[in-house]
Amino acid sequence: MEKFKAVLNLHLKHHNALGYGLVTLLTAGMEKIFSAVVFECPCTAAWNLPYGLVFLLVPALALFILGYALSARTWRLLTGCCASGARLRCCCRLRSALVCAHISWAAALAPVTWVAVALLGGSFYQCAASGSVHLVRRLCAGRDSSCAAQMPLVPCQKAEAKVQDILTELKAQSQVLGWILIAAVIVFLTVFTSVSRCLSPVSYQQLKFWRIYSKKEREILKSQATEHATELAKENVRCFFEGSDPKEWNTPSRKDWEQISLLYTFNPKDQFYSMLHKYVNRKEKNNSLGSAEGDAVIPVLHFVDASDISNGP
């Protein structure tokens, strides 16, 4: 039991890192399955390049779009945005662009992993490169005149021996590109995290408290919403079968839900921990929670909008 508690505490403490690690491992495993079972280079001058690029880039694009679809911030940003009278939520293009940029960085984890692992394996790159006219011309420089014609057969190991050794060079190129991509991503993430933490308007301990508050608010909101929805449903069903009038029920209006669904912006004058916190503490009940002077999107506070009641779209 103690070991189970230790594992659970580890998961709760590092759930973000564990989640990213799981996504990385699943993506890498999926790439290995594709390269070993599905991928088979056609070894023709016409098809090598498009076939290799499709396997290298199209799954990465699909994973990137899936990352957007699984982000709660995407749906918080888009839901109701095109409806009439929704300018309040969509008017600040700069704010929305910053949120989209952060969503893109998070969604890029799986596709970057796919491309990096694929490049380290080398199969997709070897197939694509052997069908590229420009690369073939460079690789065959100083070789026999039949080299260019033999190049599409190299990935299938059907080329002549004097040309087949180019396969090793192609794999080396692919792996070098893979390690460069991995190094670039690590450097970028380190710099971005360091800069965002350095520019954080709140201290380290307050940031930890903020994360605790956000988690508890979501849990309580989900619990209260479930309870309220259950009681409302019971009342409506009861009135339907009894043919009676429902009792007065205090449910948040459409505008109230819209207010707490806005993207969170930090304002040093009033350090509210969420849009719900800002909503219940507004000075005038009829006031809108739209943009105010001093509002800003802070990357280090991305977790405030990271989850909804059901933790997903």
Side-chain angles (χ1 to χ4, degrees), residues 19-71 73-75 77-78 97 99-140 148 150-159 166-192 313:
Y20 287 136
L22 181 61
V23 169
T24 302
L25 289 175
L26 287 175
T27 304
M30 187 169 61
E31 191 281 331
K32 288 300 182 183
I33 293 174
F34 265 69
S35 60
V37 179
V38 180
F39 182 78
E40 186 175 351
C41 188
C43 294
T44 63
W47 280 101
N48 278 19
L49 179 60
Y51 190 81
L53 289 179
V54 162
F55 272 83
L56 183 64
L57 301 178
V58 171
L61 177 61
L63 289 170
F64 183 71
I65 296 174
L66 183 62
Y68 256 92
L70 294 178
S71 173
R73 300 187 86 193
T74 301
W75 305 111
L77 180 65
L78 291 180
V99 174
C100 285
H102 197 278
I103 297 173
S104 299
W105 298 332
L109 173 65
V112 168
T113 300
W114 175 277
V115 174
V117 174
L119 288 173
L120 291 177
S123 300
F124 301 159
Y125 178 85
Q126 289 168 345
C127 185
S130 64
S132 171
V133 176
H134 300 290
L135 278 176
V136 168
R137 187 182 298 119
R138 187 178 66 81
L139 291 168
C140 289
Q150 291 285 315
M151 273 297 294
L153 301 176
V154 169
C156 298
Q157 298 184 351
K158 296 179 180 178
I166 296 179
L167 185 66
T168 304
E169 184 177 348
L170 289 175
K171 187 169 184 177
Q173 290 179 0
S174 179
Q175 291 178 336
V176 167
L177 290 174
W179 282 115
I180 290 175
L181 176 61
I182 292 172
V185 170
I186 291 174
V187 170
F188 173 80
L189 288 177
T190 303
V191 171
F192 174 77

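Below, each value reflects all heavy atoms present in this structure, side chains not excepted, and no hydrogens, waters or symmetry copies.
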Could you tell me whether the side chain of Ser104 and the main chain of Cys100 form a donor-acceptor pair under 3.5 Å?
yes
Cys41/Cys156 sulfur gamma separation below 2.5 Å:
no
Output all residues satisfying side chain to side chain contact (heavy atoms under 4.5 Å, CB included) with Val117, sequence neighbours left out; order by chain, then residue number.
Ala28, Glu31, Lys32, Thr113
Over 12 foreign heavy atoms within 6.0 Å of CH2, Trp105
yes
Apply side-chain hydrogen bond (donor to acceptor under 3.5 Å, both in side chains) to Gln173 and list each qualifying residue two or more places apart in sequence or on a separate chain.
Tyr125
Between Phe39 and Cys127, which heavy-atom pair has the shortest distance, and what is it?
CZ-CB, 3.6 Å
Are any non-hydrogen side-chain atoms of Thr27 and Leu109 less than 4.5 angstrom apart?
no
For Ser174 and Ala118 the tightest heavy-atom approach is OG-O, 4.3 Å
For Val37, enumerate each residue passing the side chain to side chain contact (heavy atoms under 4.5 Å, CB included) test, keeping only those at least two apart in sequence or located in another chain.
Ile33
Distance-only donor-acceptor pairs under 3.5 Å for side chains of residues 50-66, two or more places apart:
unit_1, atom_1, unit_2, atom_2, d
Tyr51, OH, Glu40, N, 3.3
Tyr51, OH, Glu40, O, 3.3

Partner residues of Ile182 under the side chain to side chain contact (heavy atoms under 4.5 Å, CB included) criterion, sequence neighbours left out
Ala116, Leu120, Trp179, Ile186
Shortest non-hydrogen contact between Ala128 and Leu49, atoms and distance
O-CD1, 3.3 Å
Testing Val133, Leu135, Leu139 one by one against Met151 for a side chain to side chain contact (heavy atoms under 4.5 Å, CB included), which residue passes?
Leu139
If we only count heavy atoms from C-beta on, is the Leu167 to Gln157 side-chain gap below 4.5 Å?
yes
Separation between CG (Leu119) and CG (Leu177), nearest 0.5 Å, reads 6.0 Å
Across all chains, not counting sequence neighbours, the side-chain hydrogen bond (donor to acceptor under 3.5 Å, both in side chains) partners of Ser130 are Asn48
